[in-house]
Every structure is written in structure tokens, then in C-alpha cells.
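As C-alpha cells, the structure follows; a few thoughts come after it.
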Protein chains: 4
Amino acid sequence: MADLPGAPPLPAGAVSSAARGAKREHILEAAIRVFALHGYHGARVSDIAAEAGIAYGLVYHYFKNKEEILRTIFDERWNAFLRVVEQVTQGPGTAAEKLHALAGLVLYAYRRRPDWVKVLVFEIRRSSRFSEPEQIRAVGRLFRSVECVLRNGQEAGELRDDIDPQVACLAYVGALETMITSQVLGVMQLPEEPDASDDRTVRAVVELFLGGLRAGRAQ
Amino acid sequence: MADLPGAPPLPAGAVSSAARGAKREHILEAAIRVFALHGYHGARVSDIAAEAGIAYGLVYHYFKNKEEILRTIFDERWNAFLRVVEQVTQGPGTAAEKLHALAGLVLYAYRRRPDWVKVLVFEIRRSSRFSEPEQIRAVGRLFRSVECVLRNGQEAGELRDDIDPQVACLAYVGALETMITSQVLGVMQLPEEPDASDDRTVRAVVELFLGGLRAGRAQ
Amino acid sequence: MADLPGAPPLPAGAVSSAARGAKREHILEAAIRVFALHGYHGARVSDIAAEAGIAYGLVYHYFKNKEEILRTIFDERWNAFLRVVEQVTQGPGTAAEKLHALAGLVLYAYRRRPDWVKVLVFEIRRSSRFSEPEQIRAVGRLFRSVECVLRNGQEAGELRDDIDPQVACLAYVGALETMITSQVLGVMQLPEEPDASDDRTVRAVVELFLGGLRAGRAQ
Amino acid sequence: MADLPGAPPLPAGAVSSAARGAKREHILEAAIRVFALHGYHGARVSDIAAEAGIAYGLVYHYFKNKEEILRTIFDERWNAFLRVVEQVTQGPGTAAEKLHALAGLVLYAYRRRPDWVKVLVFEIRRSSRFSEPEQIRAVGRLFRSVECVLRNGQEAGELRDDIDPQVACLAYVGALETMITSQVLGVMQLPEEPDASDDRTVRAVVELFLGGLRAGRAQ
DNA sequence: CATGAATGAGCGTTCATTCAT
DNA sequence: GATGAATGAACGCTCATTCAT
């Protein structure tokens, strides 16, 4: 996710020994592709190794076991994603602008890196291992970020304050996640958007959440 | 799901030979509990049998294999759920009332049968077999139902018609699903509601979607 | 094999209680068909019951277990066959006539009751349980019968006496068995014979064994 | 079967990577012993592994499954046997000499490698998979070889031409197979022969088939 | 670093057999 | 007698993980 817009460079030291780090990264990317294709349980360590073009024993030089691969993907990718999110939510701008940016971030990420998103959303958030407190907390950080945007918007008088920001942030994140999910599964086809900056879906979601569905208003 | 509000009775013949049907149902309920606890992959057939209090060989008298158990749960429970949903969406009432009823249905179902909901939301949608067209279509039916409510509301002039009903229905369903998910995972604690008829969360979600978040409106 | 030519009636008492005996026989015949089709190991008790049109639990009222079914088939059918064989070998006639009759018996039996022959030749003689002394002895009786024919022919000056009758009887029985086997497997197609009394194959085999292959003789 | 008389060396490359090939061969030989002892169905994969002195999981590194082990034994051993057979049948010599050599080959093979012969004759020809066309054809090759010897003998005027060579070849092969079978099962005890080159049984069989049993001839 | 042979716990599934009705 | 639900031992196979080279 380093190449997502606005992603800060990884902190020095996260990658020690250029070569080792490169190979490790190579395995992770192979694992993401395989997890996205077959799911965590359906992916064999040998599949990952084959996808990475290495002997499967070598995987164990870089990762303790299969689960650590998944956890590493989550840690690195999710945290990178969170950093971008927090850059947006803690930056300048109105709540509306931030909600817009968030929606763009999420939908754009899926367009750019569908495998990453599939793994983060399907394999990790829905995996049984996800119940681990550390991962719960990591996801909580996303909700907290969005909640914070909403709460600040309320305090600034920009957003109405009679709606529980917790409920609203869950709704917003859930809405975005389902946009992605429906694309992944092909349940519903949203219009293809060649360019995220001109993303009608993003604008529709934001306007939906800001303006509401009720008719008879200044739109 | 026969006991969810408004669930129509199962058609006669759905259960052949009362005793056999009862035992089959017994195994399904045990499977739901085990799947909810350990996940589909983490559940052993012997766990299901133990939970049902029978020899595990007997499971194979009632189901071809482990996967058929999951598929049966999906078929029966999801379709029962859909029937209730469609009763609501195709019945009388304004779009607002129907959205309210839908939210109540979803959140109430989780409160009443958390295991069922966990399995339907987590285990089936996650399972690799979920990609099968039949199951995709079954989920699509839910979206179609909600979309229909929105479209009718727009045509009746009740809802604004400048928001794509497809996007809105994805958002609505996703919002509700995430309410549940966050409860399941404990990511965020919504207030405990002792009684679904007085469900502040339901009202918050509906008002969020109808009225929007933007301030400075007649609320 | 009661209906093979010359088969003596079963001794009274072999079938007790007409009804019970009939059902038992019915199961045996079903078992023969199933064993012939799928082999002993590939045949399930439930297959046999289904073929017989009864509940599979009932099989155990008539037979101790699956193996006893096979053993019973062997005992009854093989002994019936042996009785016919011994009728021939111990009856009047030259050795040549008896060899001819034996060949006809074997090849005709396969034409009439291929399933019986398949089971006797493939499933029993080749089953690992066949090593049991009792069954070895039963098969030995066949060899002994043929050996006796040959030995008597030698003593009568009808057959040359410089060939070990043991070797010759093995060769003769083996030749006949392979005729059958090649038919069953379709390895080699012998000409279809509509009528056993005019069986060129039988005559060829007999002439082969009596006259030998060497050329330059009065034929 | 490489060590049977006249067996040609395996083509280079048949064994890739000396070590891997050796271990594979080691498993095959263990499997032959176990199959010969318990039969294919009675042999557990773990028995084979134990006999080979390896972990049973390793069996699956070398063979797809249990059946592939049997098929491999058949493919390799039977084809090696056929090569020797065809060397004899297509080489120089009279038909009588070739029939003699064939009998020696078969009976000697059993003396040398009883387990191989047991598996080839009992486990493979008996197995349900044996019906597969490929295996039928492989067995057909043996018959064809013998048939060819007989036909050539007839054309050369060495053998009488009024006996169908197909019938005669079935009889000859069947006779030899039954010699073996009776030895395996102990139905009949042929005299122990310390040395195949002086094999009275071989000479008896050949003289039986060439000279016939009828008395009163120049012998 | 790199390889892939080796290990063995674990699980799904089959099916002969028993037994309550 | 007749049924088929119930039992559970047995076994094939997978695959994460280790380790010698």
C-alpha cells in the first residue's frame, strides 16, 4: 500500500538488509495473490512458494509459520492503510471533505489493489483468528478515526449532533466495505469508474450520508 | 428462523417423517453452534456430532458431507430470512417504514439468534464455495429487495431520486451488516437494547439514512 | 447351478422352511450379481440389499456377515459344480469323452451364468480368504477329479503315460479358466457360439490337448 | 525384473536423480511384498511405509495415491516381463524352442520373484481397475506374442494348422498361469525344482502341448 | 541462503455391523 | 420377520512444519 496516494514512506528499519527485505516482500506479495485467490485455508504454503518462485522450505526462513504470513500482511498493509486514513482524518478540511476522501481512499484502493483488499477484508477481518485482541484493536482504530471525523463535524456545527457518531461511523465503514464486497463477489455491478477522482459512486455515497434519502429538501 | 417475527410456517413436506426431520434439524442446530464458535474450517465433523450428542457416523446418514451441512444451513436459514424480508418489502407501508422494519429485522435477528447470524454472515459469505452462482444469486435477492423499496420510494416521491438506488441499497445493507459485525467482534459496543421494539440503534440508522448527517435542517 | 445339465437336486434339508430358504436364495442371487459387477470389496452390503429389494439390516438375519455370503456362494455353487463334474468324471466313457464333457461344462457354464462364473473364478479363487484350507481343499477336488480322468486314461492305455497327470490336469483346468477369463475381460474374443453342443472352442481345446500341436501326424 | 534372464537394462532416464529413483524403487518393492502378503485391499498405506521403513506421508511424495503404486508396479514389472517375452518370441528358434523358453520364463520368474508374480497375477488382474483399457491391452500383448509364435510355427509347417492359434495361446498361457497359481495356493504340489534349466515341469508342459495326450504315437 | 525430502498429527469419509422398534 | 437409525473402527489422504544437506 506504499504506493497508495499519500502513503508515507515506510520507516527506516522496517526493511533490514535490503536483499532479505526484498525477498520477504516478494513472498508476502505472492501470499496476497494466493490468499486472494484461494482464501487462507485453501492456500497451501507450497502454493505461496510456487507463486513466489522459491522452494517452500524457504518460506520458513522468513516467517515462523503460515499464520504469521497472514498476520504480517495485516500488520503491514492495514497499518499502512490506517496511516493514510489518519493522514486524511487528522488533516485539514471539513467533515464532508474528509468523508469524501475516505470513500475515495477505500474504493480507489480496491480498484488499484483488489488482491490486497480481498485479503484484508475477506481473509483477515472474517477469519477466526481475527478475534485476537491485537487485531480487534487495529480495526478499532479505523472506526475511531471515522468517529473522530464525525464528532469533530458535530462539534463544529457542520454535522447534526442528534445521531450517535458511533452508529454513523459503523454505517459509513460498513457501506464502503459492502461496496467493495459486492464488487468482489459480483453480486451487484457498480458502474466502472476509470478514474477515482471522478468517482460517481464516491459522490453518491457521500451525498447519501450527508443529505439523506428523504425527499423534499434543498439538494 | 421459523420463530423470527413474521416467518411463515415451513411448507408441509419440507420435513418428511417427523422423527427423521427432527434429528436432521437437531444436527443442523448443533452445526450452527459449532460453526459459530470455531468457524467452518475449524469445526470438525466430530465436534458437530458431539454437540448434537450422536455418533459422528450418523451425521453422514443425514448429510452427504460437511459442506452440505453448511449449504443446507444457508439454503434453509437464508431463504427463511429472505422470506421475512420480502414480506416486509413487498407489504404495505412507506419506504421509511420498510427501511425501519428491515433494520429491526436484521439487528433483532442477531440479538435473538447470534449463532445463526454469525454463520450466515461469517462462515458462508467467507466460504470458498460461496462464489457459486446459486449462492451469489441468493444474496443478490436481498439487495434486490432493498433496492426495490428504495426505487418505489423514489417513484412515490417519498425519497429523492438523484441517488442511485443500487448504491444506496448496498450502503444500507452494508451498514446493517457492520452493526452486527462490530457486535460480534466487539470492535465497538453499541448500547445494549433489552427490547427490539425500543431500539435506538434502529432509529439512529434509519434517521441517518433518511435525514443525512448534514446539519442545518429541519430535524 | 442347480439348473446346469445333470445337476442333482439339492439334498433335502439344505433348504429349511421354504419361505426362509427362498429369501435367502434371493439374497444370494442378488449378491452374485453385485459381486460380479463390483467385486467383493467394491460391493457394499447395502448394494446387495438394494439389489435384492430388501432392507440391508435383513441381510444379517440370513447371514452372519458379508464374508459368509461369499463363502456360502462358494460352498453351494462350487459344490454343485463339483457334483456335476464328478458325475462326468466318475461316469462311463473314455478319457477323451470326459475331457470333452468337462470343457463343455466349463465353457457352457460361463455362457449360461456369467455372473456365477465371474464370482467363483474372480472373487473367490482370488480372494485373500481363499487361502483358507477348506476352500483350498474344495478347489483341490476339481483338480483331483481331472487328474483321476487322466490317470485312468493312462492306465487304460488311452493316454500316453509319460506325462505327469498332475501337470496335465493343471494345464487343462488352467486352459479352460483362461478361456473364460479372456472372455470376461474381453482380452481376446473367441467366436460366439450359439449352442454349446456345437462348440468349436471345446473341440479345439480337446483336440489340442489330445493331439498336440506338433505337425506331421495323422490328424 | 531387471535381473530376470535376458532382461534388457532400463533405458537411461527411467530413473531420474539416482537417490529419488532409488527411494521410489524401495517403496515399490516394499509395496510388492505387502500386496503379495495381504492383497491390495488388505494392504494399508501405512503397512507399505512401515515395510519400507519410512513415514507414511512420504509415500505420497512419490505416488499420487495407493492405486498409483499398484499401477506403477504393473506398468514397470509387466512391461519388463513383456520385453523379455518378446525378446524370446521375436528371436530366432523354432516354435517348440520358443514355447519351451516361455514356459521356463514364467515358471522361473515365479521361483525367483514369487512376490512379483503374486502381485501381477493376483492383485492386478483381479483389481477392478484392471478393466481399464490400457491394462487390458497390456495383457493382450502377452497373448499376441504367444499367438504369433504359434502362427509362425504353423506357417513354417512346424505346427499343425487346424487348431485355432487364439485358442491355443489362451490355453498355453492359462496352463502356465495355473501352474503358478497352484503353487501359490498350495492346491497342488509340483516337485521342487532346484534349477530352472533342468525343469521337468517345463518339459512336461511343452511336450503336453506339442505331443498331446493321446497314446499310441511316436513319442 | 536454499532445497525438498521427511515427518506425522489430524480429519473427512466409508461401511460393516448392531439393535431398538 | 423387517426396517433403517445408530455406532465407531478403520483408513486414505493432506499439508504444515522440520531438518539434513
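Chain letters run A, B, ... following the sequence lines, proteins first, then strands; residues in each count from 1.
The phosphate of F:dT17 has OP1 or OP2 within less than 4.0 Å of a side-chain N or O from A:Tyr60. OP1 or OP2 of F:dA6 sits under 4.0 Å from a side-chain N or O of B:Tyr62. Applying the 4.0 Å criterion to OP1 and OP2 of F:dA2, one finds that C:Lys23 has a side-chain N or O inside that range.
Using the Watson-Crick or G-U wobble rule with both distances under 3.5 Å, E:dA16 pairs with F:dT7. Under the Watson-Crick or G-U wobble criterion, with both distances below 3.5 Å, E:dT21 is paired with F:dA2.
Atom CD1 of D:Ile48 is separated from atom P of F:dC13 by 10 Å (rounded to the nearest Å). Whole-Å rounding puts the A:Glu67 CD to F:dC15 P distance at 18 Å. Taking atom CZ of residue A:Phe63 and atom P of nucleotide E:dA2, one finds them 13 Å apart after rounding to whole Å. Summarising the geometry, the separation between CD on A:Glu68 and P on F:dA16 is reported as 15 Å, rounded to the nearest angstrom. The separation between B:Lys64 atom NZ and E:dT13 atom P is 8 Å, rounded to whole Å. To the nearest angstrom, C1' of E:dG12 lies 15 Å from CG of B:Leu70. For the pair D:His61 NE2 and F:dT18 P, the interatomic distance rounds to 15 Å; values are reported in whole Å. One interatomic measurement links the two molecules: NZ of C:Lys66 to P of E:dT14, which rounds to 15 Å at whole-angstrom precision.
The two residues C:Glu68 and C:Tyr62 come nearest to each other via the heavy atoms OE1-O, 4.2 Å. Taking each heavy atom of B:Val119 and B:Ala36 in turn, the nearest pair found is CG2-N, 3.7 Å.
Along DNA chain E, the nucleotide closest to D:Ile54 and the one closest to C:Gly57 are compared, and the more 5′ of them pairs with D:Ile54. Mapping A:Val45 and D:Ser46 onto DNA chain F by nearest heavy atom places D:Ser46 at the nucleotide closer to the 5' end. Both B:Val59 and D:Asn65 lie near DNA chain F, and the one whose nearest nucleotide falls closer to the 5' end is B:Val59. Comparing A:Leu58 and B:Arg44 along DNA chain E, the residue whose closest nucleotide (by nearest heavy atom) sits nearer the 5' end is A:Leu58.
A donor N or O paired with an acceptor N or O is found under 3.5 Å between the base of E:dG10 and the side-chain atoms of D:Tyr56.
Residue A:Ala55 has its side chain nearest to E:dG4 when only E:dG4, F:dT7, E:dT13 are considered.
By the 4.5 Å heavy-atom criterion applied to side chains, A:Val139 and A:Phe74 are counted as neighbours.
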TODO: Please lay out, stage by stage, how D:Glu123 and D:Arg71 fare under the test salt bridge (charged side-chain N to carboxylate O under 4.0 Å, His left out).
DONE: CA-CA 10 Å; D:Glu123 299 309 321; D:Arg71 193 172 49 243; over 6 Å; no
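Geometric assessment of D:Lys66 against the ring of D:Phe35 yields a negative cation-pi assignment under the 6.0 Å and 45° thresholds.
Residue B:Ala43 is in sugar-phosphate contact alone, with no base atom involved, counting any heavy-atom pair closer than 4.0 Å across all strands shown.
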